[in-house]
Amino acid sequence: MIKCLSIDNIPNVEARVILCVAVMLFVGFLLTRITKKLKLPNVTGYLTAGVLIGPYVLGILSPSMIEGMGFLTDIVPALIAFGVGKYLKIAKLKKNAKSVLCITMLECLFAAVIVTLAMKYLFSLSWSFSLLLGVIAAATAPTSTIMTIRQYKAKGRFINILLQVIAIDNAFVIIAFSLACVLVQGAAGSASSLSALDIVLPVIYNILLLGLGVLAGFILNRIITPTRTIDHMLSLAIAVIFIIAGVGSWLGISPLLACMVMGMVYVNIGGDKRLFKLVSRFSPPLLLMFFVLSGARLNLPSLLTAGLIGVAYFAIRIIGKLGGAYLGAVISKSPKTTRKYLGLALIPQAGVSIGLAALGQRILPTDAGTLLSTIILSSGLLYEIVGPACAKYAMNKSGVITSTLPVPAIEDDGGILNDARHDEAAGERDDAVTVHEEELQHMEETVSEDINTTVQ
C-alpha cells in the first residue's frame with residue numbers, strides 16, 4: 001500500500017514534480033494545525049510532515065523525488081542567511097562584542113571537548129573519530145532558530161546576541177575542523193587517502209565565497225535604488241542571492257556565511273532595509289518545502305545503526321551547548337536572561353555539519369566514516385525537530401517574543417512599503433525597550449551583589 005502512494009508511480013515527470021510540491025505544501029500546513037494546538041513552532045510541524053510522507057512511513061515521497069528537490073537545500077538557507085545580515089550592524093556588534101565572542105568560543109569549546117572525551121572514554125572509539133565528531137558537534141544550524149524568530153517576531157538584545165553567536169559559530173567550526181583534519185591526517189600517515197589539497201581547498205573556497213559575498217553586498221546596494229519598483233527590487237535581490245548559493249553549490253561548500261556577509265555589508269553601507277522585508281515575504285513556501293524535505297530525509301533505520309553512540313552524542317552535545325553558553329554569558333557578565341536561556345536556542349544542527357561529516361568520512365576508515373555520517377545525519381534532523389521548541393521556550397522566557405500572530409498578507413506595493421516602515425519602527429522601539437529592561441535588570445543584580453559583598 002505504501003508503495004502505491006508514491007508519486008513516482010505517476011508516469012508524467014512534470015505531473016510528479018507539481019504534485020510533489022503540492023503534497024509538501026498541503027501536508028506541511030496540515031501538521032502546523034496540530035503543532036499550533038500543542039503550542040509548538042511551525043518548523044516542528046514541517047519536519048514531522050516530512051517524516052510522515054517520507055520513504056520510511058507513508059512513502060509518498062520516494063528517495064529519487066527527494067534527491068530531485070535537493071536544490072532547496074542550497075537556496076533556502078541562503079535566503080535565511082541573507083536576512084541574518086540585517087542584525088549584524090557594526091554598531092551592535094561592537095556593543096555586544098565581548099559577550100558574543102566569549103559565549104561563542106565557550107559554547108563551541110564545551111560541545112567539542114565533552115563529545116570528544118565521551119566518544120573516546122565511554123565508547124573506546126579512536127581519537128581520530130572522536131576528535132572529528134567533537135569538532136562537528138560545535139556547529140550550530142541557524143535555519144530553524146531564525147524561522148522561529150521570524151514566526152514570533154522576536155526582537156531585542158537577546159535576539160541580537162543569539163544571531164551574532166550563530167553567525168560566528170560556523171566560522172569557528174570551519175577553521176577548527178580544518179585544523180583537526182591536519183592532526184588526523186598527520187596521525188594516520190600514509191594510510192589516509194586524503195591529500196593536503198583536500199584540506200586546504202575547502203578553506204580557500206570559503207574565503208573566496210566570503211569575498212564574493214562582500215562584493216555582492218556592494219553591488220546590491222548599487223542596483224537597489226529608490227527609483228526601482230518593488231517587483232524589480234525583489235527580483236534583483238533574489239538573483240544575487242541565488243548566484244551566491246549556486247557558486248557555493250558548485251564549489252561544494254555552504255553559502256551560509258557568504259550570504260550572511262552579503263546582508264551584513266548591504267545593511268552597514270546604508271542599503272534599503274525594506275529589501276529584507278521583501279525577501280522574507282517571498283520565502284515562506286520555499287521554507288515550508290525545505291523543512292518538509294529535511295524531515296523526509298530522516299533515515300529511520302540509521303537511528304538503530306547508530307544505537308547508543310548516537311543517543312549519547314545527541315544528549316552530550318546539548319549539555320555542552322547549554323553549559324558553554326551559560327559559562328560564557330556569566331564570564332562576560334551578560335544579562336540573566338542570556339545566561340539562562342541562550343544555550344537552548346543553539347541546539348539545532350544541520351547544514352555545515354553535514355558537509356563536514358562528508359569530508360570526515362573520507363579521512364576515517366570505512367566503518368568509522370559511515371558511523372560518523374550516520375550520527376550527524378540522523379541526529380541533525382532530530383535536533384531540528386527538538387530545536388525549534390527549545391528556541392521558542394528560550395525566547396518566551398527571555399521576554400523577546402512580541403507577537404504570536406502570523407505576518408499579514410501582502411495586498412499591494414503600498415502595503416509592503418507601509419508594513420516595512422511600520423515593522424522597522426516597531427522593531428526599533430521593541431529593541432530599545434528590551435535593552436533598557438535588561439540593562440536595568442543587570443544593574444539591579446550588580447547593586448545586589450555589591451550590597452551582599454559589603455554586608456559580608
Side-chain angles (χ1 to χ4, degrees), residues 2 4-83 141 143-153 234-235 238 241-242 245 277-298 348 350-351 381 384-385 387-389 392 404-411 416:
I2 290 179
C4 293
L5 292 173
S6 177
I7 294 177
D8 270 5
N9 292 322
I10 299 173
N12 186 284
V13 176
E14 291 79 8
R16 288 204 302 267
V17 174
I18 294 171
L19 289 174
C20 175
V21 170
V23 168
M24 293 168 72
L25 291 171
F26 191 67
V27 178
F29 165 76
L30 289 179
L31 264 291
T32 60
R33 302 305 88 193
I34 298 175
T35 55
K36 183 178 180 181
K37 296 291 185 182
L38 299 174
K39 298 183 178 179
L40 294 172
N42 289 339
V43 177
T44 305
Y46 301 153
L47 290 164
T48 306
V51 174
L52 184 64
I53 65 177
Y56 300 99
V57 183
L58 295 179
I60 297 175
L61 297 183
S62 67
S64 61
M65 185 61 69
I66 293 171
E67 185 68 24
M69 299 289 288
F71 66 92
L72 290 171
T73 305
D74 294 310
I75 64 174
V76 172
L79 290 169
I80 291 179
F82 174 74
T143 311
S144 59
T145 298
I146 295 168
M147 273 283 289
T148 307
I149 291 171
R150 289 176 54 183
Q151 180 183 348
Y152 296 105
K153 299 182 182 179
L234 178 59
S235 299
I238 296 301
I241 293 170
F242 279 19
K277 173 67 68 175
L278 294 174
V279 172
S280 70
R281 295 284 182 88
F282 165 82
S283 56
L286 296 176
L287 291 167
L288 188 158
M289 289 192 292
F290 169 77
F291 284 106
V292 171
L293 197 67
S294 297
R297 284 199 177 103
L298 179 58
L381 289 168
E384 292 298 301
I385 293 173
K392 180 197 172 183
T404 58
L405 298 176
V407 178
I410 303 175
E411 295 181 359
I416 294 177

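Just so it is clear, the structure is predicted and the values come from calculations on it, not from any experiment.
Contact check for M69 versus V21: side-chain heavy atoms found under the 4.5 Å cut-off. Counting only heavy atoms from C-beta outward, the side chains of V76 and M289 never approach each other to under 4.5 Å.
With sequence neighbours excluded, the residues forming a side chain to side chain contact (heavy atoms under 4.5 Å, CB included) with S283 are L79, R150, L287, listed by chain and number. Judged as a side chain to side chain contact (heavy atoms under 4.5 Å, CB included), and not counting sequence neighbours, the contacts of I34 are L31, L38. Partners of F82 by ring-ring contact (aromatic ring centres under 6.0 Å, His included), not counting sequence neighbours, listed by chain and number: F276.
The shortest heavy-atom contact between A296 and G54 is CB-CA, 4.1 Å. For the residue pair L288 and F29, the shortest heavy atom distance occurs at CD1-N, 4.3 Å. The two residues A245 and A78 make their nearest non-hydrogen contact at CB-CB, 3.9 Å.
Rounding to the nearest 0.5 Å gives a distance of 4.5 Å between CD1 of I238 and CZ of F282. Distance check, rounded to the nearest 0.5 Å: CG of L61 to CZ of R16 gives 12.5 Å. Distance check: F290 CZ to L293 CG gives 8.0 Å after rounding to the nearest 0.5 Å. Rounding to the nearest 0.5 Å places CG of L30 at 11.0 Å from OG1 of T35. Rounded to the nearest 0.5 angstrom, M24 CE and I66 CD1 are separated by 8.5 Å. The line from CG of L72 to CG of L286 is 6.5 Å long, rounded to the nearest 0.5 Å.
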V23 and I53: CA distance, side-chain angles, deciding distance, side-chain contact (heavy atoms from CB on, under 4.5 Å) verdict
CA-CA 9 Å; V23 168; I53 65 177; 4.1 Å; yes

